[in-house]
Amino acid sequence: DKAFDYLDRYLNKYPHNAEAYAIKSSFYGYSIGISPYKAPFVGPKSNGELEHALELDPKNPWVILAKANALHYIPKVFGGDPEKAVKLYRLAIDGIVKKGETKNSWNYLNAYVNLGLCYTKLKQYDAALQTYRQVLAIAPTFKWVKDELIPKLQAKMGKK
């Protein structure tokens with residue numbers, strides 16, 4: 001609730017900040033992840049905030065990343081599309097690199113991780129493994145990728 005309050009106050013001061021609307025959309029999505037029963041009520045709010053962010057700045061990589069996350073995590077029956085999400089993750093990552101916003105950026109690494117997870121969902125295991133290796137090239141000590149995601153993926157692939 002505090003996060004929404006802070007975002008609303010920020011958006012009252014800066015009503016044209018697309019990234020803030022994308023963050024608000026993501027917060028709604030997170031609240032659905034915690035309490036899925038909220039989806040019918042909160043889902044449209046999340047989508048509305050994201051669409052507004054896209055109207056304000058459709059080329060912003062952080063806004064594109066929020067759209068990719070939505071397409072990745074929303075069930076297909078409600079409009080999710082992991083194949084479109086993959087394209088948007090790649091576009092967002094390219095945009096983040098072009099903006100020079102990669103250093104010490106958890107969101108940049110998270111974009112790669114979610115790309116890998118999306119590839120896994122699509123059963124494109126080689127692409128997922130390559131993506132996780134890219135993450136480790138950037139952040140060699142990223143334990144979640146190194147100790148959990150890669151071993152689970154390799155087990156699916158029948159490799160050790």
Side-chain angles (χ1 to χ4, degrees), residues 1 3-4 7 11 17-98 101 105-136 138-139 142-159:
D1 290 336
F4 281 109
L7 270 171
L11 285 167
N17 187 307
E19 290 178 18
Y21 285 103
I23 291 168
K24 191 171 182 182
S25 171
S26 297
F27 280 7
Y28 280 127
Y30 182 72
S31 72
I32 293 169
I34 293 171
S35 304
Y37 70 89
K38 292 182 180 181
F41 312 103
V42 178
K45 291 180 183 180
S46 178
N47 191 52
E49 300 292 352
L50 183 53
E51 291 307 315
H52 188 62
L54 286 164
E55 288 170 12
L56 289 171
D57 195 354
K59 294 183 179 180
N60 183 305
W62 302 108
V63 173
I64 294 167
L65 179 59
K67 180 67 176 181
N69 285 332
L71 289 169
H72 178 187
Y73 288 104
I74 292 172
K76 272 193 170 199
V77 70
F78 297 113
D81 187 336
E83 290 177 357
K84 284 183 184 175
V86 163
K87 291 176 185 168
L88 290 178
Y89 281 127
R90 299 200 71 66
L91 186 63
I93 290 166
D94 289 346
I96 294 165
V97 169
K98 285 179 187 166
E101 296 181 348
S105 173
W106 179 87
N107 281 317
Y108 172 61
L109 292 174
N110 193 46
Y112 269 111
V113 169
N114 276 298
L115 175 60
L117 291 170
C118 207
Y119 278 134
T120 301
K121 184 183 279 185
L122 293 167
K123 295 182 172 53
Q124 296 178 16
Y125 300 135
D126 289 333
L129 185 58
Q130 179 182 346
T131 301
Y132 294 148
R133 287 182 176 151
Q134 286 176 296
V135 172
L136 292 180
I138 298 164
F142 197 154
K143 289 183 73 60
W144 181 36
V145 174
K146 186 168 63 172
D147 296 342
E148 188 174 330
L149 295 178
I150 289 177
K152 282 183 180 178
L153 178 61
Q154 288 176 328
K156 284 182 183 188
M157 298 171 75
K159 298 178 181 177

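- Leu149 CG to Leu129 CG: the interatomic distance, rounded to the nearest 0.5 Å, is 11.0 Å.
- Rounding to the nearest 0.5 Å gives a distance of 9.5 Å between CG of Asn107 and CD of Glu19.
- When side chains are defined from C-beta on, Lys76 counts as touching Pro82, because their heavy atoms get closer than 4.5 Å.
- Exactly one of Leu56, Ile23, Leu54 qualifies for a side chain to side chain contact (heavy atoms under 4.5 Å, CB included) with Val63. That residue is Leu54.
- Side-chain contact between Tyr132 and Leu117 is present, with heavy atoms from C-beta onward closer than 4.5 Å.
- Scanning all heavy atoms of the two residues, the minimum distance from Tyr125 to Thr120 falls at CE2-O, 3.7 Å.
- Surrounding CZ of Phe41 are at most 12 heavy atoms belonging to other residues, nucleotides or ligands under 6.0 Å away.
- Among all heavy-atom pairs drawn from Leu11 and Ala20, the shortest one is CD2-CB, 3.5 Å.
- Seen from the ring of Tyr73, Lys121 counts as a face-on cation partner, given the 6.0 Å and 45° thresholds.
- Formation of a donor-acceptor pair under 3.5 Å by the Asn114 side chain with backbone atoms of Asn110 is found in this model.
- When all heavy atoms are compared, the tightest approach of Ala22 to Ala66 is CB-CB, 3.8 Å.
- Note that the CG atom of Asn60 and the CG atom of Asn17 stand 8.5 Å from one another [nearest 0.5 Å].
- In this structure, His52 and Tyr21 have perpendicular ring planes: the angle between them is above 60°, well past the 30° mark.
- To the nearest 0.5 Å, atoms OG (Ser46) and CD (Glu51) are separated by 10.0 Å.
- Residues Leu115 and Tyr119 meet the side-chain proximity criterion, which asks for heavy atoms closer than 4.5 Å.
- The number of heavy-atom neighbours closer than 6.0 Å to CD of Glu83, taken from other residues, nucleotides and ligands shown, is 12 or below.
- Ile96 is linked by a side-chain contact (heavy atoms from CB on, under 4.5 Å) to Pro61, Trp62, Glu101, Thr102, Tyr108, counting only residues two or more places apart in sequence or in another chain.
- For the side chain to side chain contact (heavy atoms under 4.5 Å, CB included) with Tyr89, the qualifying choice from Asn69, Ile64, Thr131 is Asn69, the only one to do so.
- Under the salt bridge (Lys or Arg N to Asp or Glu O under 4.0 Å) criterion, Glu55 pairs with no residue at all, not counting sequence neighbours.
- Residue Cys118 comes nearest to Ala85 through the heavy atom pair SG-CB, 3.8 Å, listed as atom of the first residue, atom of the second, then distance.
- The distance from the NZ atom of Lys87 to the NZ atom of Lys84 is 8.5 Å, given to the nearest 0.5 Å.
- The distance from atom NZ of Lys24 to atom NZ of Lys45, rounded to the nearest 0.5 Å, is 8.5 Å.
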